[in-house]
Amino acid sequence: MTRVMHPMQHAIRQPAWTNEMGVSLGPIKQIVLQPTPFCNLACRYCYLPDKDNRGHMKPEIAALSLYRVFESKRSDHDLELRWHAGEPLVVPADFYRKANRLIREITPSNVSLRQTLQTNAVLLDDAWCDVFEELGIEVGVSIDGPAFLHDAYRHTRNGRPTHAAVMAACERLHARGIPFTVIAVLTEASLDHAQAIHRFFADLGPTEVGLNLEESDGAHTSVVLGGTDVIQRYADFLAEFRSLCCDGSVKIREFESMRDAILSGGEERRSITATPAGLLCVDWRGRVSGFSPELQGLRHPLYDDFIFGHVETQTLDEMFESHTFRNLTRDISAGVTACRQSCSYFGLCGGGSPSNKLGEHGSFIGTSTVHCTAHIKLVADMALIEIEKELCATST
Ligand code: SF4
């Protein structure tokens with residue numbers, strides 16, 4: 001499974017509400033539904049703890065999950081429904097058709113519901129393209145660059161390479177005129193190949209590429225992070241990759257969102273994954289967690305199984321009173337406060353990714369991580385230099 005969330009994506013601008021702990025909650029910007037925890041691949045860096053489980057979500061559970069959000073009246077007017085946290089194309093297409101019929105019936109007229117799906121694309125065929133077109137689902141493909149990098153990590157369960165199948169899927173999407181984004185995981189080997197990776201994505205033609213440095217997250221401990229010089233190597237990679245992209249050949253997700261943040265006039269951002277009730281996750285059985293999809297399926301002495309409640313038996317307001325939600329809210333908010341007090345990048349970040357803090361520090365009450373250094377601080381520094389140069393060029 002490729003980690004999809006970037007802490008600066010979906011920065012929250014709508015008003016929040018406050019609970020009796022004095023912590024502001026929501027608004028709910030994104031709901032992540034897990035059609036299945038199962039994945040047909042066995043990537044070497046995968047963080048999914050339950051990827052052998054073949055359970056499937058029922059369409060009624062999907063609709064009930066959305067009902068709970070709408071019932072709470074705490075969703076943003078622009079709500080993202082993300083099908084994720086397992087390989088979503090393992091589930092029959094009819095699941096999505098029926099779930100969409102039910103969801104359409106209950107979606108308030110003032111809510112704009114955007115559907116997205118991140119896939120390894122090995123099963124993506126014309127029938128799936130029909131589903132994406134019919135239901136308006138935006139597609140993200142996980143591909144790590146040229147075959148020699150991708151196939152070193154992304155295998156089938158039998159250990160076979162998957163690059164050729166993913167390339168065929170991308171060609172099919174192009175042939176059908178369906179735009180797609182890409183998420184690429186950068187492993188240690190990738191950092192020496194900025195040119196090859198740039199050439200590959202310039203030829204592939206996605207609308208945007210998200211770069212995820214392989215990181216400690218949820219149940220996965222990064223191999224990359226074991227290297228002492230990883231940040232310098234990543235900085236060198238990013239500088240070379242970015243300079244190659246300056247002709248517009250590849251849009252890099254991290255730079256696009258950072259430039260928006262810098263150019264938005266100094267408004268302080270909140271990270272959706274660090275915002276209590278900003279992002280909700282519902283597993284295939286209907287159990288609700290939040291903050292980061294990477295926490296789903298984990299266990300922890302303070303937070304049990306990270307589950308707040310079940311959509312069949314509880315409202316969201318009842319779930320937000322649960323012991324687990326309150327403990328998570330307290331500790332994640334303390335981590336955000338520590339970031340606010342110590343980090344000069346806070347206004348562009350909002351307090352980072354709780355799952356990375358837990359993965360790297362063993363606690364949410366921490367600040368800087370390799371993840372935020374790579375994806376926030378380095379990118380902010382480079383984007384600021386770019387913008388300064390552009391401003392100088394226009395003023396001369
Ligand atoms: S320390 Fe990292 S996570 Fe915290 S605000 Fe700064 S950049 Fe963000």
Side-chain angles (χ1 to χ4, degrees), residues 3-13 16 23-24 29-30 47 186 210-218 220-222 224-225 227-235 237-239 242 252-279 290-295 303 328-387:
R3 185 180 190 279
V4 293
M5 184 54 61
H6 182 275
M8 292 204 52
Q9 277 185 309
H10 314 290
I12 292 175
R13 294 169 190 276
V23 173
S24 61
K29 290 286 290 181
Q30 185 179 126
Y47 64 82
L186 301 174
L211 300 174
N212 280 3
L213 187 62
E214 188 211 348
E215 56 204 26
S216 292
D217 211 350
H220 173 69
T221 301
S222 167
V224 168
L225 300 190
T228 50
D229 61 347
V230 64
I231 289 297
Q232 187 53 53
R233 288 184 63 208
Y234 183 64
F237 169 90
L238 205 55
R242 179 63 178 166
I252 309 172
R253 175 186 67 178
E254 287 70 20
F255 279 90
E256 298 299 319
S257 62
M258 183 59 75
R259 286 177 62 95
D260 284 351
I262 293 167
L263 295 170
S264 70
E267 183 185 352
E268 189 174 275
R269 295 213 148 190
R270 297 171 71 200
S271 156
I272 187 173
T273 57
T275 300
L279 179 155
F291 297 100
S292 296
E294 291 79 11
L295 299 176
Y303 317 113
L328 283 165
T329 294
R330 180 196 61 212
D331 293 347
I332 289 171
S333 300
V336 172
T337 300
C339 279
R340 182 194 294 276
Q341 289 168 346
S342 64
C343 179
S344 57
Y345 296 83
F346 183 82
L348 295 172
C349 169
S353 160
S355 66
N356 288 107
K357 289 183 178 180
L358 190 67
E360 287 189 35
H361 301 310
S363 162
F364 293 120
I365 315 174
T367 56
S368 191
T369 59
V370 172
H371 173 268
C372 77
T373 305
H375 296 291
I376 301 291
K377 296 174 184 175
L378 283 176
V379 176
D381 290 346
M382 290 170 62
L384 276 166
I385 291 169
E386 272 178 26
I387 291 169

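Both counts, for ligands and for their atoms, begin at 1 and track the order of listing. Quick caveat, the model's predicted, so the values are computed rather than measured. Here, residue 1 is the first one in the sequence, and each next residue gets the next number.
- No option in C339, S363, S292 other than C339 meets the side chain to side chain contact (heavy atoms under 4.5 Å, CB included) test with K357.
- S368 and K377 are linked by a side-chain donor-acceptor pair at a separation below 3.5 angstrom, with hydrogens and angles left out of the test.
- By the salt bridge (charged side-chain N to carboxylate O under 4.0 Å, His left out) test, E386 pairs with R242, R259, sequence neighbours left out.
- The distance cut-off of 2.8 Å around atom 6 (Fe) of ligand 1 captures these protein N, O or S atoms, sorted by chain and number: C343 SG.
- At distances below 3.5 Å, not a single donor-acceptor pair connects side-chain atoms of S271 with backbone N or O atoms of G351.
- Between F364 and Y303, the ring center distance clears the sub-6.0 Å criterion.
- The closest side-chain donor-acceptor pair between D229 and Y234, if any, does not fall under 3.5 angstrom.
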